[in-house]
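One structure is given below, encoded as C-alpha cells.
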Amino acid sequence: MPEPVLRIDDLTVAFETLEGKYSALNGVDLEIGPSEIMGLVGESGCGKSSLALATIGLLPVPPAKILQGTITFKEDNLLKFTEKEVEKVRGTGISMVFQEPLTSLNPLFTIGNQITEAIDVRIGRENSGRTKTSAQAEGVTWLRKVGLSDPEGAFHRYPHELSGGMRQRVMIAMALASSPTLMIADEPTSALDVTTQAQILKLIRKLVQEVKASVLFISHDLAVVAQIADRVAVMYTGMIVEEGPVIEIFEKPLHGYTQALLASYPGRESFNEPLKAIPGQVPNLTRIPTGCPFHPRCVRAQDKCRTVRPLLKEAWGHNVACVLY
Amino acid sequence: MTSELLRLESVVKHFPAKGSLFYSETGTLSKGSVLQAVDGVSFTLEHNETLGIVGESGCGKSTLARTILYLNKPTSGKIYFEGQDLTNLSYGELAKIRPNMQMVFQDPYSSLDPRMRVKDIVAEPLRVVNKEKEVLNKRVREVTGQVGLEDYQLGRFPNEFSGGQRQRIAIARAIMTKPRLIILDEPTSAVDASIQAQILNLLRSIQEQYKMSYIFISHNVDVVRHMSNRIAVMYLGKFVEIGPTEEIVNSPRHPYAAALISSVPKPDPRARSEMIEIKGETPSPVNPPSGCRYHPRCPYATERCTLNEPTLDELETGHYIACHYPLKR
C-alpha cells in the first residue's frame, strides 16, 4: 500500500445550535490513496459536507467545534496549521468543486479572469518565473481540456452567459489548473441534467487520471458514485459505516444500511412488487440513537446493537462498523 | 384499463419571450419571439393508468403538467377530461371539474404553506366544495391515516416534519377530494434516498385503493419504470417517443430517448461504459432547430432531418416514434 495522500483519524466535529449539540462528524476515519477516486455517499444532513469543509479548512469555527481527531495531508496535520499555512494548501494542494457553480463563480469577473487567478496563485507560489501571458494561454488550454466548444470565446465571457453544465466544466478547469494533489468535489453533478451529468462524470475520470490527482467525490446518489469511484465510503449520522472497493460495496454490501439502501433502489423488482422500503426516518444529528445509529431501522438489529457503538474494522475485505462482523 | 380519462390533441403552449431573459446565441431577439414550451403534444390516458414522462430540465414537462390541469390556458389544442373539452368551459364549470384533478409538486418545502397547520393544509381542497366541519374532519383523519401520519401530528406546522413526511402531507392533500387524476411532478427528487421507496410504495398503494390515473414526471428512468404502464420521452416541447414501459426502457427507438435512458446512472459499477454521450447542449426553446429538433445533436441526422419535421408515428402497436430513421430493436 502506498502512503495515503489524505488520512483522517477519529475526526469529531459538533455545532452548537439552539436545539442543542449537533454532532456533524462522530469519529470519522478515512484514507485516500494517490490517484484514487474516493466516493463518499450519504443522505442529506449526514455530515458529508462538514467533512469536506473541515478537510479544506473552511469549516466555520465557531459555530463548529473540532472536538478531536487529525487530518493528515502529506504528513502534516492540517488542523494544527495557522490560517496562513492552510491558505497555502488550499488551491495548490487541495482544491474544491461545489454543487452550484453559479454561486461559487464570481459574477463580476470573466471566466478568464477567474481561471488565470487560479493559475497565477500556483505560479506565484511555485515561483516558476512564468508570466501572466502564459497563464492566459494555459487558462484557454484548460477550458479546451474540459470540453468547452469555444474556449477563447468563453475566456472572455461572464458566468451568467454560460449554461449550468458549462459553468461546472469551468469550475473543474479551475480546480485542476492549480495541479492539486487532492480535489474535493461536493455533489458536482447534482444540479445538472442526467445527460450533462454523464458527460461531466466521464470528464472528471479522464482528467484526474491525466493530472494524477486524488478525488474525494461526495454524492447523495449511490448510482452516481457507482459510476465514478474506485473506493466507496458510506456515511450515516456523521459516521462512516462501511468502506471498501466500489465493486465490493455494490455487490457484497455488509452493513445493514448499505444493504437496505441498495435493495430499496427501483430497477430489480417486477412491476407489481412493492419496493423494499427502509422503515423509519433519518435521525436528526441532535438526537443520534445510542449504540449503532442505524439499529432502529435495521432488520438484523440485536440487543447489543442498542448499547454498543461499533467501530470501523476490517471484515471480508471491507471496513465495516457493525457488531455482526 | 377500461376507458379513456384524459385526451390531449395537439396541445400547444407558447410564452411571449420579451426582453433579454431568453436570448439566443447569436444576439437579441426580434420582437414577437415566442418560447415554445409545449409544441403539439397529443396522447390519451386511461383510467387507473400511469403515464411516465421523462425529459431534461427545460423540455416542457412542468408546463405540460400545468396546462393539463388548466392552470395555464393552452395557446391551441384541445384537452378532454372525462369526455369534456376543458378549453370550452367557463370558469364556473372548470371549478366543478378541478377537484377531480390534483397535483403533487417536487419540493415539499415550498408547496406547503408554512403558516398553516397540517389539518388545514390537507382539508383545503375539499373545503372549497364542502364546508361542513364534520365531513372535513372525518375525511382529514381518514386520508392522513392512509398516508401514514398520526392523529397527534395534525395540529403541527410543516417545519416540524422531514422531507419525506412533508411529501406524505402533500399526497394526503391531493387525495382529499378522491380525484380521478394526480399529476406527480418529480415527487421523490427532494426526498432522501432511504425514504424514496416508502413514498413510491405509498403512491402505488393509494392508486390501487382509489383507482386513480397518474401522470408521473421524473428524470429518473428507474423510478419512472417502476411506476408507469407507459412512458413518454419529451424533448424541446415535443414527445419524441411514447410506448409501453418495458419497450421504451429496454429498446428505445428514438436516438434521443436511447441516449437519455443510457445516461441515467445505474447503481452498478460494472455498467460504466454503456452511456451514449450526447454532443453539445439543449438548444433554446425560443429558436428551436428546424426539422427534427434533435438533429444538431443526433449522430444519425441527414439533410432530411434538417428540413422535415418527423411526425409521431405508430411503428408498433401502441409504440409511437417521431424519427425518420428510428433505431432497430
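Here is how names work: the chains are called A, B, and so on, in the same order as the sequence lines, proteins then strands, and each is numbered from 1. Note: hydrogens, waters and symmetry copies are ignored here, and every other heavy atom, side chains too, is used. None of the values given here were measured: they were computed from a predicted structure.
Remark: A:Thr195 OG1 to B:His219 NE2 distance equals 11.0 Å, nearest 0.5 Å. We find the OG-CD distance between B:Ser194 and A:Gln281 to be 8.5 Å, quoted to the nearest 0.5 Å. Between the OG1 atom of B:Thr282 and the CG atom of A:Asp193 there is a distance of 6.5 Å, given to the nearest 0.5 Å. Considering CD of A:Glu251 and CZ of B:Arg270, their distance stands at 4.0 Å, rounded to 0.5 Å. Expressed to the nearest 0.5 Å, how far CZ of A:Phe250 lies from CG of B:Asp268 amounts to 8.5 Å.
For the options B:Ile199, B:Asn220, B:Ile278, heavy-atom pairs under 4.5 Å to chain A are most numerous at B:Ile278. Chain B forms the most heavy-atom pairs under 4.5 Å with one residue out of A:Ala226, A:Gly147, A:Gly280, A:Gly42, and that residue is A:Ala226.
The two residues B:His226 and A:Glu273 make their nearest non-hydrogen contact at CE1-O, 3.4 Å. Nearest heavy atoms, B:Pro265 versus A:Gln197: CG-NE2, 3.3 Å. Pairing each heavy atom of B:Pro269 with each of A:Ile247, the nearest pair is CG-CA, 4.0 Å. Nearest heavy atoms, A:Ala277 versus B:Ala197: CA-CB, 3.7 Å. Closest non-hydrogen pair, A:Ser264 versus B:Ala193, comes out as OG-O, 4.2 Å. The minimum heavy-atom distance linking A:Arg297 with B:Ile195 is given by the pair NH2-CD1, 3.7 Å.
Under a 3.5 Å cut-off, the side chain of B:Arg204 and the backbone N or O of A:Leu275 do not form any donor-acceptor pair.
With a 4.5 Å cut-off on side-chain heavy atoms, B:Asn201 and A:Lys276 do not count as touching.
The contact between B:Ser57 and chain A is made by backbone and side chain atoms together, counting heavy-atom distances below 4.5 Å. Looking at A:Leu261, only its side chain comes within 4.5 Å of chain B, counting heavy atoms on both sides. Of the atoms belonging to B:Gln196, it is side-chain heavy atoms, and not backbone ones, that fall under 4.5 Å from chain A. Of the two parts of B:Leu260, the backbone and the side chain both hold a non-hydrogen atom closer than 4.5 Å to a non-hydrogen atom of chain A. Interface residue B:Asp192: backbone and side-chain heavy atoms are both found under 4.5 Å from chain A. Proximity to chain B is limited to the backbone of A:Ile228, based on heavy atoms less than 4.5 angstrom apart.
No more than 12 heavy atoms of other residues, nucleotides or ligands shown are found within 6.0 angstrom of NZ on A:Lys206. Taking a 6.0 Å sphere around CD of A:Gln209, one finds it holds 12 or fewer heavy atoms contributed by other residues, nucleotides or ligands. Atom OH of B:Tyr300 has 12 or fewer heavy atoms from other residues, nucleotides or ligands within 6.0 Å.
Taking the ring-ring contact (aromatic ring centres under 6.0 Å, His included) definition, one finds that A:Phe294 meets it with A:Tyr236, A:Tyr257, sequence neighbours left out.
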